[in-house]
J.: 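Before we start, here is the structure in question, set down as structure tokens.
Residue numbers start from 1 in every chain, and the chains themselves are labelled A, B, ... in the order their sequence lines are given, proteins ahead of strands.
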Number of protein chains: 2
Amino acid sequence: MSVGIRHDDLRRRNRAMVIAAVRRAGQPSRTEIAATTGLSHSTISAISSDLIGEGILAESKPIEAGSLKRGRPQVGLSLNAEAAAVMTVVLSLNFLSVAVIDYAGQVISEEQRRLDTLTMPRDTLIGECVAIVRRRLEDPDLDVRSVARIALAIQGITDTRARAMLWSPITPHTDIAFADILEDEFGIPATMENDCNMMAVALRWRDPQRYRDDFIAILLSHGIGMGLVLKGQLFTGTHSSGGEFGHMIHQPKGALCRCGRRGCVEAYAGNYAIWRNARQLGEDTEPVADVSDADMRALAAAARDSEGPEREAYRKAGEALGYGLGSLFALIDPAPVAMVGVSAAAFDLIEPALREAIAQTAGGQHSEWISFDTEPNELPLIREGCAMRALTFVDQEIFAPGAQTRSGLVSKNVA
Amino acid sequence: MSVGIRHDDLRRRNRAMVIAAVRRAGQPSRTEIAATTGLSHSTISAISSDLIGEGILAESKPIEAGSLKRGRPQVGLSLNAEAAAVMTVVLSLNFLSVAVIDYAGQVISEEQRRLDTLTMPRDTLIGECVAIVRRRLEDPDLDVRSVARIALAIQGITDTRARAMLWSPITPHTDIAFADILEDEFGIPATMENDCNMMAVALRWRDPQRYRDDFIAILLSHGIGMGLVLKGQLFTGTHSSGGEFGHMIHQPKGALCRCGRRGCVEAYAGNYAIWRNARQLGEDTEPVADVSDADMRALAAAARDSEGPEREAYRKAGEALGYGLGSLFALIDPAPVAMVGVSAAAFDLIEPALREAIAQTAGGQHSEWISFDTEPNELPLIREGCAMRALTFVDQEIFAPGAQTRSGLVSKNVA
DNA sequence: GCTCTTTTTTTCGAGCCTCGAAAAAATACT
DNA sequence: AGTATTTTTTCGAGGCTCGAAAAAAAGAGC
């Protein structure tokens with residue numbers, strides 16, 4: 001089952017810890033690293049000297065801010081941007097976006113492309129992804145060998161091993177092992193992530209104050225997705241990416257959901273559901289394929305303008321989200337929530353019914369404490385999350401070698 | 001945030017690993033331990049020699065089973081039963097049960113007692129617990145100093161730090177810091193656990209084949225509880241024991257629940273709910289305080305006997321459980337389920353509606369795969385779980401000292 | 001301009017820990 | 001009794017972290 005700690009693991013882990021400390025803090029001095037890691041100054045000195053020698057870290061200017069201090073000035077350590085690069089591939093409805101990011105986290109090359117993902121044959125979809133990655137890798141500004149890892153994100157369900165997309169609303173095709181495909185094609189380790197999980201990862205890096213050990217990112221878009229961090233760990237299902245908050249049951253035998261079932265939270269709170277209710281089409285009406293952001297904004301404007309079916313549609317969305325969150329909170333206790341996506345811009349219309357519903361649930365014990373944040377634009381978040389995830393893998397695997405890992409999966413059984 | 005690995009941690013962790021390997025395997029040889037932990041023979045030899053010298057492990061007879069083998073026979077290592085003892089305290093509705101267990105896991109002293117927990121004043125309830133523990137500690141057969149840890153379990157919500165009961169259906173009183181009270185009284189480290197979590201822990205030890213990394217234990221009793229193991233880890237909420245499956249919302253604004261809210265799963269599947277529906281009392285009827293096991297068995301018999309309100313009551317329970325499980329599975333993916341408690345004996349009446357409901361949900365994708373096990377008697381399981389939990393603490397803390405832990409809580413911030 | 005103080009960083013020896021190889025131990029086979 | 005086989009122990013080598021002390025690099029004071 002669990003495996004003993006070998007002697008050589010020690011250095012590897014502590015190297016990884018130093019790299020992680022530098023990535024988090026930006027430009028910490030050796031003394032600061034010693035404080036945050038709890039290791040001795042001598043150890044930090046030895047490890048950072050190694051890492052600098054290997055070109056992974058670099059000494060930057062002495063820290064100027066507090067130059068009032070006496071004594072030898074601290075020397076800031078920073079990541080060497082040229083040590084490596086990673087690539088992010090974000091595949092969403094009718095849209096493909098790729099970026100190359102240096103080791104310090106700066107975008108150095110990117111490309112975006114519209115495609116008709118819903119009608120595209122399987123091979124074309126895969127081909128488009130491979131082609132866009134190849135174009136970026138062949139970018140003359142870039143040294144191909146420096147791209148150490150690729151992180152893909154897709155709306156939909158991925159497997160826990162982060163190899164394949166199992167199901168996605170953006171395409172009728174299922175079980176596409178994107179990670180394996182890209183690995184075979186380019187020989188670069190790749191992982192396939194769920195978009196909402198990447199949102200959560202990004203939020204954690206963006207605002208570690210608010211999004212620390214426990215929080216929830218909910219995507220309010222055409223569908224409803226969730227990324228969940230519990231006790232500092234990204235939460236995934238046992239076999240798939242899990243966290244399919246949008247398909248928790250709000251109303252047994254209720255409204256028709258895009259997934260073909262009935263009564264899911266999404267069937268009340270997804271863009272298509274809000275649209276359907278606002279147009280008073282009835283809960284059995286087949287979900288429309290897509291509602292433009294502009295249409296959704298118009299809907300929200302109409303709802304704000306006057307009482308009517310639009311406002312009622314947002315109310316119903318809030319109620320479904322509230323009861324869903326209440327059930328979730330019964331399982332995990334309340335935590336800060338970030339609402340992301342177009343409908344997050346209409347959260348003022350959603351919030352009252354949501355809070356009312358959540359107060360009816362066991363999880364909503366102290367619903368006044370529960371705080372919501374909104375972020376209307378999901379794409380940058382997803383990309384940022386992918387970038388950080390890929391960089392973290394590079395930190396752990398490439399620059400702290402020796403682990404029994406392969407492609408992001410820590411193997412549990414060694415015997 | 002995360003802390004570097006000090007040099008002395010190494011030995012401590014590997015000692016703990018060896019102890020854990022012996023506890024799991026029963027009588028493994030040094031060679032077997034080396035294989036399961038991945039450590040070298042020399043290391044295992046050194047560590048086990050230390051542990052034997054400290055009286056924690058003991059060499060037992062050479063393993064006889066496969067005595068056909070050539071070569072030096074393996075020497076089995078086992079836990080020294082006298083190395084320590086732990087105490088379990090299980091507090092359930094109108095019932096208090098205490099046992100002392102030796103380091104090898106055998107019960108060496110026990111006592112059970114009926115009390116009227118629902119009407120008892122706060123101090124009396126606490127006093128009864130303290131008194132029964134004192135009586136067991138003063139048992140002449142027992143060396144007091146050898147009791148190294150106490151694990152309490154209670155039906156209800158506990159805090160993540162495992163110090164206090166926050167809320168429980170068995171008493172009107174709230175926020176009783178049982179762990180602190182016993183620690184102060186007897187100077188023995190104590191933890192306060194949730195009963196269903198202990199059931200899950202016990203199932204894992206009882207049948208590691210079936211209940212390994214991911215599974216669910218559901219208590220079908222007066223209330224509905226859940227213990228959840230995900231990726232080999234006991235799942236708890238961010239602040240409380242969490243996993244309040246019984247209070248996920250099945251039907252917004254639905255049947256009246258014991259918790260005062262409406263539409264919880266428990267309001268359809270708890271004993272009182274089945275009773276209420278079987279008696280056709282209406283969903284707004286105030287839940288009864290208790291239904292005897294005999295009454296529940298009679299109800300099940302009547303339901304099996306003929307179509308009627310009893311059978312319909314079990315159907316409704318199954319539906320609520322099914323939709324609830326479906327929502328849960330949407331979050332975590334399906335996993336093996338153990339149904340525990342009186343109504344688990346009536347699972348034949350519950351299962352059809354449960355499976356039908358779960359098939360209507362996203363989490364019930366392949367509902368035919370989902371397997372259920374039943375165990376009508378929860379008390380032994382809870383006690384077993386407490387014992388293993390307490391013993392594991394002793395393994396980790398007492399016999400592998402140096403960790404920055406206190407009373408079961410691993411401190412995350414060292415700086 | 002020089003010395004003293006303060007703080008950061010590096011150096012160095014001590015003490016552990018794990019590992020691999022070889023030796024020792026304990027049994028079955030012939 | 002001797003040989004083969006398997007388990008367990010022994011022993012030296014190599015690494016790692018740690019604490020103390022030294023070195024380095026500034027500001028403060030005169």
Side-chain angles (χ1 to χ4, degrees), chain A residues 3-18 22 27-53 57-77 400-402 414, chain B residues 3-18 21-22 25 27-53 57-77 400-402 414:
Chain A
V3 165
I5 303 177
R6 321 293 247 12
H7 201 207
D8 26 329
D9 290 350
L10 236 170
R11 222 336 153 42
R12 189 177 51 72
R13 293 204 197 193
N14 286 341
R15 276 170 63 104
M17 197 123 341
V18 170
V22 175
Q27 274 204 348
S29 70
R30 291 166 175 80
T31 309
E32 278 166 29
I33 298 174
T36 58
T37 59
L39 298 169
S40 72
H41 286 191
S42 1
T43 304
I44 299 300
S45 182
I47 292 178
S48 48
S49 148
D50 283 0
L51 291 173
I52 291 170
L57 296 185
E59 287 192 337
S60 46
K61 284 281 147 75
I63 293 162
E64 298 153 38
S67 65
L68 332 148
K69 279 197 303 180
R70 280 231 259 198
R72 180 172 173 173
Q74 303 186 346
V75 181
L77 295 179
V414 162
Chain B
V3 164
I5 303 178
R6 318 296 245 16
H7 201 202
D8 26 329
D9 289 351
L10 237 170
R11 222 338 156 35
R12 188 176 51 72
R13 293 204 197 196
N14 286 342
R15 275 170 64 104
M17 198 125 335
V18 169
V22 176
Q27 273 203 350
S29 69
R30 291 167 175 80
T31 310
E32 279 167 28
I33 299 175
T36 59
T37 60
L39 297 169
S40 73
H41 287 192
S42 2
T43 304
I44 299 301
S45 182
I47 291 177
S48 46
S49 149
D50 283 359
L51 291 173
I52 290 170
L57 298 186
E59 288 192 338
S60 46
K61 286 279 146 78
I63 294 164
E64 299 152 37
S67 67
L68 330 148
K69 276 197 305 181
R70 278 230 259 201
R72 178 172 175 172
Q74 302 188 347
V75 180
L77 295 179
V414 163

J.: Who are the salt bridge (charged side-chain N to carboxylate O under 4.0 Å, His left out) partners of Arg13(A), not counting sequence neighbours?
T.: none

J.: Side chains of Arg30(A) and Glu59(A): closer than 4.5 Å at any heavy-atom pair?
T.: yes

J.: Are the side chain of Arg6(B) and the backbone of Gly38(A) linked by a donor-acceptor contact shorter than 3.5 Å?
T.: yes

J.: Could you state the atom-to-atom distance from CG of Asp50(A) to C1' of dT10(C) in whole Å?
T.: 13 Å

J.: Hey, could you give me each pair passing salt bridge (Lys or Arg N to Asp or Glu O under 4.0 Å) that has a residue in residues 37-50 of chain A? Not counting sequence neighbours.
T.: Arg11(A)-Asp50(A)

J.: With respect to the phosphate group of dC16(D), does any side-chain polar atom (N or O) of Asn14(A) fall under 4.0 Å of OP1 or OP2?
T.: no

J.: Please name the pair of heavy atoms, one in Ser48(A) and one in Ser45(A), separated by the smallest distance, quoted to 0.1 Å.
T.: OG-O, 3.3 Å

J.: Are any protein N/O atoms closer than 3.5 Å to N/O atoms in nucleotides 11-16 of chain C? If there are, list each pair with its distance.
T.:
from, atom 1, to, atom 2, distance (Å)
dG15(C), N2, His7(B), ND1, 3.2

J.: Rounding to a whole Å, what distance do you find between Ile44(A):CD1 and dT8(C):P?
T.: 14 Å

J.: How close or far is atom C1' of dT17(D) from atom CD1 of Ile47(A), stated in whole angstroms?
T.: 9 Å

J.: Calculate the interatomic distance between Leu10(A) atom CG and dG14(D) atom P; express it in whole Å.
T.: 19 Å

J.: For residues Val75(B) and Ser60(B), report the shortest heavy-atom separation together with the two atoms involved.
T.: CG1-O, 3.8 Å

J.: Nearest whole Å is fine: how far is dT9(C) C1' from Leu77(A) CG?
T.: 11 Å

J.: To the nearest Å, give me how far apart CZ (Arg6(A)) and C1' (dG20(C)) are.
T.: 11 Å

J.: Could you check if a side-chain atom of Ile52(B) sits within less than 4.5 angstrom of a side-chain atom of Leu77(B), using non-hydrogen atoms only?
T.: yes

J.: Take the protein atom CZ of Arg13(B) and the nucleotide atom P of dT17(D), then report the distance between them rounded to whole Å.
T.: 13 Å

J.: What pairs of nitrogen or oxygen atoms, one from the protein and one from nucleotides 4-6 of chain D, lie under 3.5 Å apart?
T.:
from, atom 1, to, atom 2, distance (Å)
dT5(D), O2, Gly71(B), N, 3.3
dT6(D), O2, Arg72(B), N, 2.8

J.: Given dC17(C), is OP1 or OP2 found less than 4.0 Å from the side-chain N or O atoms of Arg12(B)?
T.: no

J.: Nearest whole angstrom, please: distance from the P of dA24(C) to the CZ of Arg30(B).
T.: 19 Å

J.: Considering residues at least two apart in sequence or located in another chain, which fulfil the side-chain contact (heavy atoms from CB on, under 4.5 Å) criterion with Ser49(A)?
T.: none

J.: Among the nucleotides dT8(D), dT18(C), dT9(C), which one has an atom lying closest to any side-chain atom of Ser29(A)?
T.: dT9(C)

J.: List for me each residue that meets side-chain contact (heavy atoms from CB on, under 4.5 Å) alongside Ala34(B), sequence neighbours excluded, and say none if there are none.
T.: His41(B), Ile44(B)

